Amino acid sequence: MTRSVVIAGAGIGGLTAALALAQRGFEVSILEQAAQLEAIGAGIQLSPNASRVLIGLGLADRLAPHLVVPSALNVMSARSGRVLAHALLGEAATRRYGAPYWAIHRGDLHTELHAAIDAMPQVSLRLGARIDDFTVGDNGVMVRGTANAQAIAARGDTFVAADGLWSAMRERLGHRAAPRFARHSAWRALVPTDALPPALRALSVNLWLGPDAHLIHYPVRGGDLINIVAIVRDQWRETGWNAIGERAEIVDRFAAGRWHASARELIGAASAWQKWALYDCHPLDRWGAGPVTLLGDAAHPTLPYLAQGAAMAIEDAAVLAASLAKSPEDVSAALRRYESLRQNRTARTQNAARRNGAIYHMGSATALLRTLALAVMGGGGLLRHYDWLYRWQPD
Ligand SMILES: Cc1cc2nc3c(=O)[nH]c(=O)nc-3n(C[C@H](O)[C@H](O)[C@H](O)COP(=O)(O)OP(=O)(O)OC[C@H]3O[C@@H](n4cnc5c(N)ncnc54)[C@H](O)[C@@H]3O)c2cc1C
């Protein structure tokens with residue numbers, strides 16, 4: 001008998017879960033509140049733990065034209081521009097982890113996931129459909145919401161809420177605490193690669209550490225664009241992903257004296273900025289009940305300091321599909337198994353990301369200790385430090 005799954009949210013997590021479930025024979029219905037799936041966002045890093053899942057789902061060829069395989073990770077001092085650590089990625093990462101380290105534009109990943117599920121007749125996607133509630137009965141889960149100001153309903157044997165950081169379904173499952181504001185905002189911009197000097201065009205992930213701020217840049221769109229993300233201390237806390245950032249404000253935050261000329265040149269090269277306020281949650285002790293569960297940011301909102309938000313949602317998708325396929329006749333048991341396989345790992349990732357924020361934004365006295373620690377570790381040690389993260393494989 002075909003089993004049915006309703007998914008709230010067609011973000012990276014919802015779409016990957018839909019694909020993984022459909023490939024295992026489930027019938028999937030996705031309800032997404034946005035009226036259109038647009039190529040929104042900027043860069044996302046897909047470390048080997050995530051690329052491994054996407055390759056397993058057969059997406060390598062689809063993604064290939066959009067991908068960049070960064071050759072290295074460089075960590076730089078904001079003030080001096082000195083390289084504090086240099087770790088090889090590229091072939092070295094593939095050899096070490098058995099899967100590649102990729103960088104991609106979120107919009108390209110989203111578009112290709114959408115195209116992949118579009119090609120699967122057992123997946124339906126309804127846009128402009130906001131889910132507001134669900135009830136569990138003998139006959140599975142009845143999900144209710146609104147579309148075009150009309151009430152809608154969908155039934156599934158399983159309901160997966162992949163409705164993001166501000167998940168209404170997480171609250172509906174009894175988690176009343178709102179995400180906590182991290183007192184920082186992330187500013188993103190894309191600059192054509194050929195508009196930058198050669199030193200800023202390198203096919204690498206570059207991380208500049210400064211007091212109360214850091215800067216990350218790496219190529220996306222097959223190398224045509226450089227994705228810049230500047231994270232600064234901020235009291236601005238509006239929700240949403242796409243607020244306009246004032247160029248003059250971010251240029252000012254990367255002032256001469258505190259930031260090296262190359263970092264300032266990069267910031268100055270971008271004309272259009274968007275920003276989002278950073279939030280995370282304490283790890284949740286319970287993700288679901290009966291035939292209902294959470295996935296992705298809805299379950300474990302994570303600060304971007306470890307570049308793992310999308311990766312964790314992708315991992316969740318693989319584990320969820322495998323678990324449901326293992327015992328489709330006992331959905332509750334399958335979902336509790338999925339949750340128990342995911343909770344420790346995602347909690348560790350949330351905590352490690354938060355800790356990275358404190359390390360990245362150290363003031364000058366403690367930054368000296370950080371510099372020493374990085375010198376002792378070297379690039380190899382830095383990567384070894386993340387073996388637990390990148391070596392992960394779905395069961
Ligand atoms: C528009 C957008 C732009 C982003 N840009 C970046 C970026 O530039 N860099 C970065 O690192 N991360 C970005 N992110 C976050 C990143 O994609 C996620 O952290 C990560 O991929 C985890 O994905 P997710 O599927 O769990 O959540 P999300 O990607 O946030 O997806 C959640 C989806 O659920 C939908 N939704 C929410 N509530 C409901 C509801 N009640 N009913 C139906 N649908 C609902 C949302 O519209 C959204 O499409 C962005 C997210 C979004 C939504």
Side-chain angles (χ1 to χ4, degrees), residues 6-19 29-47 50 54 103-111 113-114 125-134 143-147 152 154 159-172 179 185-190 216 218 220 225 227-231 239-243 245 273-281 287 293-317 320 342 346 349-350 353:
V6 176
I7 297 179
I12 305 294
L15 291 182
T16 311
L19 183 61
S29 157
I30 316 172
L31 300 173
E32 162 60 47
Q33 66 180 3
Q36 281 177 25
L37 286 192
E38 291 168 290
I40 297 179
I44 277 188
Q45 294 177 60
L46 294 171
S47 46
L54 298 174
I104 193 168
H105 189 295
R106 180 186 180 276
D108 294 337
L109 173 60
H110 201 228
T111 302
L113 283 167
H114 184 200
L125 167 63
R126 179 161 186 184
L127 297 174
R130 185 188 157 77
I131 294 182
D132 301 317
D133 201 4
F134 63 86
V143 175
R144 294 195 173 72
T146 39
I152 54 162
F159 174 42
V160 178
D163 52 343
L165 165 64
W166 297 102
S167 169
M169 294 305 108
R170 181 176 63 230
E171 199 180 336
R172 170 70 182 72
S185 58
W187 296 56
R188 65 173 189 261
L190 293 163
I216 287 228
Y218 53 84
V220 292
L225 297 172
N227 173 62
I228 309 172
V229 178
I231 297 196
T239 62
W241 294 100
N242 291 322
W273 289 89
Q274 288 179 307
K275 60 178 183 173
W276 74 100
L278 299 184
Y279 289 84
D280 74 351
C281 279
W287 286 15
T293 195
L294 299 169
L295 181 143
D297 278 4
H300 42 72
T302 307
L303 293 171
Y305 307 141
L306 203 54
Q308 286 295 312
M312 286 299 126
I314 290 167
E315 285 187 9
D316 285 352
L320 174 77
R342 296 302 298 151
T346 53
T349 307
Q350 284 175 292

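What you are looking at is a predicted structure, and each value in this text was computed from that prediction instead of being measured. One-based numbering, in listed order, for ligands and for the atoms of each.
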Could you identify the single nearest non-hydrogen protein atom to atom 47 (O) of ligand 1 and state the distance to 0.1 Å? E32 OE2, 2.6 Å
for atom 1 (C) of ligand 1, nearest protein heavy atom and its distance come out as I40 CG2, 3.5 Å
Do N242 and ligand 1 have an N or O pair less than 3.5 Å apart? no
4.0 Å heavy-atom contact, L165 with ligand 1: no
Under 3.5 Å, is there a donor-acceptor pair between the side chain of R170 and the main chain of H300? no
Donor-acceptor check, side chain of Q350 to backbone of C281, threshold 3.5 angstrom: yes or no? yes
Enumerated ligand 1 atoms positioned under 4.0 Å from heavy atoms of L31: 43 (C), 44 (N)
Heavy-atom pair with the smallest gap, counting every atom of L294 and S167: CD2-OG, 4.2 Å
Nearest-contact summary for atom 30 (O) of ligand 1 - protein heavy atom, Å: G164 CA, 3.9 Å
Checking D163 side chain against G9 main chain: does a donor-acceptor pair fall under 3.5 Å? no
G11 heavy atoms within 4.0 Å reach ligand 1 at atoms 25 (O), 29 (O), 31 (O), 33 (C), 49 (O)
Note: ligand 1 atoms sitting under 4.0 Å from heavy atoms of G9 are 33 (C), 34 (O), 35 (C), 44 (N)
Using heavy atoms and a 4.0 Å limit, tell me yes or no: is G43 in contact with ligand 1? yes
Which residue owns the protein heavy atom closest to atom 18 (C) of ligand 1, what's the atom, and how far is it? D297 OD2, 3.3 Å
So CG of L37 and CD1 of I30: to nearest 0.5 Å the spacing works out to 8.5 Å
Examine the proximity of ligand 1 to R188 and report which part, side chain or backbone, both or neither, has a heavy atom under 4.0 Å away. side chain
Heavy atom of the protein closest to atom 17 (O) of ligand 1 (residue, atom name, distance): R106 NE, 2.7 Å
re atom 41 (N) of ligand 1, the protein heavy-atom contact at minimum distance is I131 O, 3.0 Å
Contact atoms of ligand 1, heavy-atom distance to G309 under 4.0 Å: 20 (C), 22 (C)
Among the heavy atoms of A162, does any lie under 4.0 Å from an atom of ligand 1? yes
What do the steps show when you test L54 against L109 for side chain to side chain contact (heavy atoms under 4.5 Å, CB included), and what is the final call? CA-CA 10 Å; L54 298 174; L109 173 60; 4.1 Å; yes
What is the ring orientation for W166 with Y279, classed by angle as parallel under 30°, tilted 30 to 60°, or perpendicular over 60°? perpendicular
Parallel, tilted or perpendicular: rings of W187 and W273 (30°, 60°): perpendicular
Against ligand 1, does W276 come closer than 4.0 Å with any heavy atom? yes
Which protein non-hydrogen atom lies closest to atom 37 (C) of ligand 1, naming both residue and atom, and how far is it? D163 O, 3.2 Å
Hey, which atoms in ligand 1 end up nearer than 4.0 Å to a heavy atom of I12? 21 (O), 25 (O), 29 (O)
Of all the heavy atoms in A42, does at least one lie under 4.0 Å from an atom in ligand 1? yes
Spell out, as yes or no, whether a donor-acceptor pair under 3.5 Å connects the side chain of Q45 to the backbone of S47. no
Which residue holds the protein heavy atom closest to atom 12 (N) of ligand 1, what is that atom called, and what is the gap in Å? W241 CZ3, 4.1 Å
Under 4.0 Å from one or more heavy atoms of G296, ligand 1 contributes atoms 26 (O)
Look only at the side chain of H105 and the backbone of N227, and say whether a donor-acceptor pair between them is shorter than 3.5 Å. no
Interatomic distance, OG1@T239 vs CH2@W276, rounded to 0.5 Å, equals 14.0 Å
Could you tell me whether a side-chain N or O of Y218 sits under 3.5 Å from a main-chain N or O of I104, the two making a donor and an acceptor? no
Only heavy atoms of G13, strictly under 4.0 Å: list the atoms of ligand 1 that pass. 23 (O), 24 (P), 25 (O)
So is A129 touching ligand 1 or not, going by heavy atoms under 4.0 Å? yes
Interatomic distance, M169 atom CE to D132 atom CG [nearest 0.5 angstrom]: 6.5 Å
